[in-house]
Amino acid sequence: MGWHELLWVGRLLVLMQLLHGVFGWGKDGHFAICKIAEEFLTKDALATVKELLPDSAGGELASVCSWADDVRWHYHWSSPLHYVDTPDFKCNYKYCRDCHDAAGHKDHCVTGAIFNYTKQLFSAYQGYSPQLSYNLTEALMFLAHFIGDVHQVCALLLVPLNVKPLHVGFLGDLGGNTITVRWYRRKTNLHHVWDTMIIDSAVKTLYGSDLATMIQAIQRNITDAWSNDVSSWENCGHNQTVCPNLYASESVRMACKFAYRNATPGSTLQDEYFLSRLPIVEKRLAQGGIRLAAVLNRLFNSEIKIAQA
């Protein structure tokens, strides 16, 4: 193996270490999405969700919405399922081209994971494949988390070496993880700005340091300003239960249009960036919550009970 090959392998190992630190939304973002979803669940869906949740959840889906991040160190195989890679500066998403892990294993990405866990819950609930024994509690928690991840503008990783920070972003910069910026006076990276810092800044400066107040404001927008859009957010078309490719495509386009724009390496992001991007973040949280609820409502209708294992 020559010097250039060794250098490439070394870079890849470093990038893989960075990747293990990549998350979608922070805990507040995931909590908000699941909290919004809970308000839009049908009676039957809510009952089934409560039945599937672990005792530690206390009957609240939002309390375990970050579980998939917490178990990444134990379930190492799940790390590639939190993001998707797209080629640099390709502001579009294609499942066949993009849904694979760093080793090239197909379907190992966030959209593939959403399809998989939706299928597991659907098969069990509709009584198909009774010979298969799924952990439906984990399937539910993974699904809720990954639907949140795919709505994070900086969650789709776009990197040349298959490693990126934004859950839907570019390969070359690890989804924004290698784009160093200043968030006001704090040095950070672009991915961290989108997964936690915009939300944290909004909660502290606009919502009295109360995440619940921010969630209530988003819920008011859902019933008021965005009321005419909700049905289109819920709809998948062709009687599909879930359509994560659509969600990923939206996130990639928004990453190009909003996340990367005016966020060059070394730049300082302040009020103009924060105030213009916050509405995007809040709308993606709303869409994630509405769509999570819609998927669970379609899965857990009143016609058939969950198949007994």
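Computed from a predicted structure; not experimentally measured. Numbering of residues begins at 1 and proceeds along the displayed sequence.
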Peer 1: Are side-chain heavy atoms of Asn301 and Asp44 found at a separation under 4.5 Å?
Peer 2: no
Peer 1: How close do Cys109 and His100 get, counting heavy atoms only, and between which atoms?
Peer 2: CB-N, 4.1 Å
Peer 1: To the nearest 0.5 angstrom, please state how far the SG atom of Cys96 sits from the NZ atom of Lys106.
Peer 2: 7.0 Å
Peer 1: Is there a donor-acceptor pair closer than 3.5 Å between any side-chain N or O of Ser201 and the backbone N or O of Ile198?
Peer 2: no
Peer 1: Asp195 side chain to Gln152 main-chain N or O, any donor-acceptor pair under 3.5 Å?
Peer 2: no
Peer 1: So how far is it from Leu121 CG to Leu299 CG, rounded to the nearest 0.5 Å?
Peer 2: 6.0 Å
Peer 1: Please enumerate all residues that pass salt bridge (Lys or Arg N to Asp or Glu O under 4.0 Å) together with Lys27, with sequence neighbours excluded.
Peer 2: Asp70
Peer 1: Do the non-hydrogen side-chain atoms of Val84 and Val150 ever get within less than 4.5 Å of each other?
Peer 2: no
Peer 1: Closest heavy-atom contact between Val295 and Thr241?
Peer 2: CG2-O, 3.6 Å
Peer 1: Return the minimal non-hydrogen interatomic distance between Ile290 and Ile36, and the atom names on each side.
Peer 2: N-CG2, 4.4 Å
Peer 1: Sequence neighbours left out, what passes side-chain hydrogen bond (donor to acceptor under 3.5 Å, both in side chains) with Ser63? Give chain and number order.
Peer 2: none
Peer 1: Is a donor from one side chain sitting under 3.5 angstrom from an acceptor on the other, for Asp69 and His145?
Peer 2: yes
Peer 1: Does a salt bridge link Lys35 with Glu60, judged by any charged N lying under 4.0 Å from a carboxylate O?
Peer 2: yes
Peer 1: Return the orientation label for the Tyr93 and Tyr95 ring planes: parallel under 30°, perpendicular over 60°, tilted otherwise.
Peer 2: perpendicular
Peer 1: Please report the interatomic distance CG(Asn221) to CG(Leu285), rounded to the nearest 0.5 Å.
Peer 2: 11.5 Å
Peer 1: Please report the closest heavy-atom contact between Thr196 and Gly26, naming both atoms and the distance.
Peer 2: CG2-CA, 3.7 Å
Peer 1: Under the disulfide (SG to SG under 2.5 Å) definition, can you give me all pairs with a residue in residues 204-244, not counting sequence neighbours?
Peer 2: Cys236-Cys243
Peer 1: Go through the side-chain N and O atoms of Tyr125 and Gln120 and say whether any donor and acceptor fall under 3.5 Å apart.
Peer 2: no
Peer 1: Nearest 0.5 Å please: distance from the CG atom of Asn116 over to the OG1 atom of Thr111.
Peer 2: 11.5 Å
Peer 1: Closest heavy-atom contact between Leu41 and Leu46?
Peer 2: CD1-CD1, 3.9 Å
Peer 1: Taking the side chain as every heavy atom from C-beta outward, state whether Phe300 and Glu51 have any atom pair closer than 4.5 Å.
Peer 2: no
Peer 1: Examine Trp25 together with Phe31 and report whether their ring centres are nearer than 6.0 Å.
Peer 2: no
Peer 1: If you measure only the distance, is there a donor-acceptor pair under 3.5 Å linking the side chains of Trp183 and Thr268?
Peer 2: no
Peer 1: Ignoring hydrogens and angles, state whether a donor on the side chain of Asn92 or Arg97 is under 3.5 Å from an acceptor on the partner side chain.
Peer 2: yes
Peer 1: Evaluate the side chain to side chain contact (heavy atoms under 4.5 Å, CB included) criterion for residues Trp67 and Phe142: first the C-alpha distance (whole Å), next the side-chain angles of each, then the deciding distance (0.1 Å), finally the verdict.
Peer 2: CA-CA 8 Å; Trp67 171 84; Phe142 271 130; 3.6 Å; yes
Peer 1: Just do the side chain to side chain contact (heavy atoms under 4.5 Å, CB included) check on Asp149 and Leu81 with the steps written out, would you?
Peer 2: CA-CA 9 Å; Asp149 276 350; Leu81 305 183; over 6 Å; no
Peer 1: Which atom names give the shortest non-hydrogen contact between Val242 and Pro244, and what distance separates them?
Peer 2: C-CD, 3.6 Å
Peer 1: Quick one: CZ on Arg72 to OG on Ser78, what's the gap to the nearest 0.5 Å?
Peer 2: 6.5 Å
Peer 1: Does the pair Lys187 and Thr180 meet the rule for a side chain to side chain contact (heavy atoms under 4.5 Å, CB included), with working shown?
Peer 2: CA-CA 7 Å; Lys187 187 176 181 180; Thr180 300; 3.5 Å; yes
Peer 1: Taking atom NZ of Lys283 and atom CG of Asp229, what is their separation to the nearest 0.5 Å?
Peer 2: 5.5 Å
Peer 1: Are Ile218 and Glu282 side-chain neighbours, meaning at least one heavy-atom pair lies under 4.5 Å?
Peer 2: yes
Peer 1: May I ask you to test the Ser249-Lys94 pair for a side-chain heavy-atom distance under 4.5 Å?
Peer 2: no
Peer 1: Begin from the C-alpha positions of Arg284 and Glu250 and carry the test salt bridge (Lys or Arg N to Asp or Glu O under 4.0 Å) through to its verdict.
Peer 2: CA-CA 10 Å; Arg284 291 308 275 171; Glu250 292 172 347; 2.7 Å; yes
Peer 1: Heavy-atom distance under 4.5 Å between the side chains of Leu296 and Leu140, does that happen here?
Peer 2: yes
Peer 1: Can any side-chain N or O of Thr118 pair as donor or acceptor with the backbone N or O of Phe115 at less than 3.5 Å?
Peer 2: no
Peer 1: Could you check whether any side-chain N or O of Asn297 sits under 3.5 Å from a backbone N or O of Ala293, counting only pairs where one atom can act as donor and the other as acceptor?
Peer 2: yes
Peer 1: Using side-chain heavy atoms (C-beta onward) and a distance below 4.5 Å, is Thr137 in contact with Leu53?
Peer 2: no
Peer 1: Say whether, by atom type as modelled, one donor and one acceptor occur between the side chain of Arg277 and the main chain of Phe258 under 3.5 angstrom.
Peer 2: yes
Peer 1: With no hydrogens and no angle check, is any side-chain donor or acceptor of Arg261 less than 3.5 Å from a backbone partner on Cys256?
Peer 2: no
Peer 1: Are any of the side-chain heavy atoms of Cys34 and Leu292 separated by less than 4.5 Å?
Peer 2: yes
Peer 1: Go through the steps for Ile147 and Ile33 under the test side chain to side chain contact (heavy atoms under 4.5 Å, CB included), then give the verdict.
Peer 2: CA-CA 9 Å; Ile147 286 182; Ile33 286 172; 5.6 Å; no
Peer 1: Is the CG atom of Asn228 crowded by more than 12 outside heavy atoms at less than 6.0 Å?
Peer 2: no
